[in-house]
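The shown structure was predicted, so the numbers you read here are calculated from the model rather than taken from an experiment.
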Amino acid sequence: YLKAKGVYMRHVIIVLGMLLLVGCSSLSKEKYDKIEMGMSYSRVSELLGKANHCDALAGVSDCIWGDEQRYIKVKFVADKVIFMHSQGLK
């Protein structure tokens, strides 16, 4: 029983690690460079996937893809890119 449980946990850890790598793989300098002023949120999401976090207030949205070390931040007004910033991309 313990051996089977250990094998199961190893597989779970491997799968979670692979999912983490797949999730982060959408963040690259190449994709960041494709973001343009005036681009819609849906188009940016096609490039990067769903944002990890978005704050919205009065037609202004600040969205983040990634984590504290490696990210793309985009500010939208009326669903259009007005500012973008990245850190830690390769």
Side-chain angles (χ1 to χ4, degrees):
Y1 170 76
L2 290 177
K3 185 176 180 181
K5 187 175 181 180
V7 170
Y8 173 76
M9 288 303 294
R10 189 172 349 145
H11 285 109
V12 168
I13 291 170
I14 290 170
V15 168
L16 289 175
M18 289 171 46
L19 289 173
L20 181 63
L21 289 174
V22 169
C24 291
S25 67
S26 66
L27 297 181
S28 68
K29 178 82 169 108
E30 179 183 354
K31 288 188 178 184
Y32 175 78
D33 290 341
K34 291 181 181 179
I35 301 171
E36 299 176 0
M37 294 296 198
M39 190 177 278
S40 69
Y41 172 82
S42 61
R43 180 66 185 113
V44 174
S45 293
E46 287 175 17
L47 284 172
L48 304 177
K50 184 179 178 193
N52 293 82
H53 181 77
C54 284
D55 286 323
L57 180 64
V60 178
S61 299
D62 290 305
C63 297
I64 300 172
W65 286 261
D67 57 34
E68 292 179 9
Q69 279 80 37
R70 186 170 173 238
Y71 63 78
I72 295 174
K73 293 182 180 181
V74 182
K75 182 180 289 281
F76 299 89
V77 172
D79 193 45
K80 303 294 181 196
V81 173
I82 64 158
F83 177 80
M84 59 219 169
H85 172 70
S86 70
Q87 177 176 301
L89 301 182
K90 295 179 181 183

Colleague: Taking the side chain as every heavy atom from C-beta outward, state whether Lys31 and Leu27 have any pair of such atoms under 4.5 Å apart.
Modeller: no
Colleague: For Ser86 and Trp65: C-alpha separation, side-chain torsions, deciding distance, then whether side-chain contact (heavy atoms from CB on, under 4.5 Å) applies.
Modeller: CA-CA 9 Å; Ser86 70; Trp65 286 261; over 6 Å; no
Colleague: Take Leu48 and Ile35 through the test side-chain contact (heavy atoms from CB on, under 4.5 Å) and record every step on the way to the result.
Modeller: CA-CA 10 Å; Leu48 304 177; Ile35 301 171; 3.9 Å; yes
Colleague: So, do Arg70 and Leu89 sit near enough that their side-chain heavy atoms are less than 4.5 Å apart?
Modeller: yes
Colleague: Does anything in residues 79-90 pair up under salt bridge (charged side-chain N to carboxylate O under 4.0 Å, His left out), and if so which pairs, sequence neighbours excluded?
Modeller: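 Found none.
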Colleague: Atom OG in Ser28, atom CG in Asp33: separation rounded to 0.5 Å?
Modeller: 8.0 Å
Colleague: Are Val77 and Phe83 joined in one hydrophobic group, where the rule is that I, L, V, M, F, W and Y side chains link up if heavy atoms are under 4.5 Å apart?
Modeller: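 Per the 4.5 Å side-chain linkage, Val77 and Phe83 are co-clustered.
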Colleague: Decide yes or no for Ser61 and Tyr41: does some side-chain heavy atom of the first lie under 4.5 Å from some side-chain heavy atom of the second?
Modeller: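 With C-beta onward as the side chain, the pair stays apart.
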Colleague: To the nearest 0.5 Å, what is the distance between CD1 (Ile72) and NE2 (His85)?
Modeller: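 Answer rounded to 0.5 Å: 10.5 Å.
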Colleague: Would you mind reporting whether Asp62 and Lys73 have side-chain heavy atoms less than 4.5 Å apart?
Modeller: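 In short, these two side chains do not touch, never coming nearer than 4.5 Å.
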Colleague: I'd like to know if Tyr32 and Val74 are part of one continuous hydrophobic network [Ile/Leu/Val/Met/Phe/Trp/Tyr, side-chain heavy atoms within less than 4.5 Å].
Modeller: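 In one cluster with Val74: Tyr32, yes.
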Colleague: Can Met39 and Leu47 be said to form a side-chain contact (heavy atoms from CB on, under 4.5 Å), step by step?
Modeller: CA-CA 11 Å; Met39 190 177 278; Leu47 284 172; 4.2 Å; yes
Colleague: Are the side chains of Phe76 and Cys54 in touch, meaning some heavy atoms are under 4.5 Å apart?
Modeller: no
Colleague: Using side-chain contact (heavy atoms from CB on, under 4.5 Å), reason through Val81 and Glu36 one step at a time and then give a plain yes or no.
Modeller: CA-CA 7 Å; Val81 173; Glu36 299 176 0; over 6 Å; no
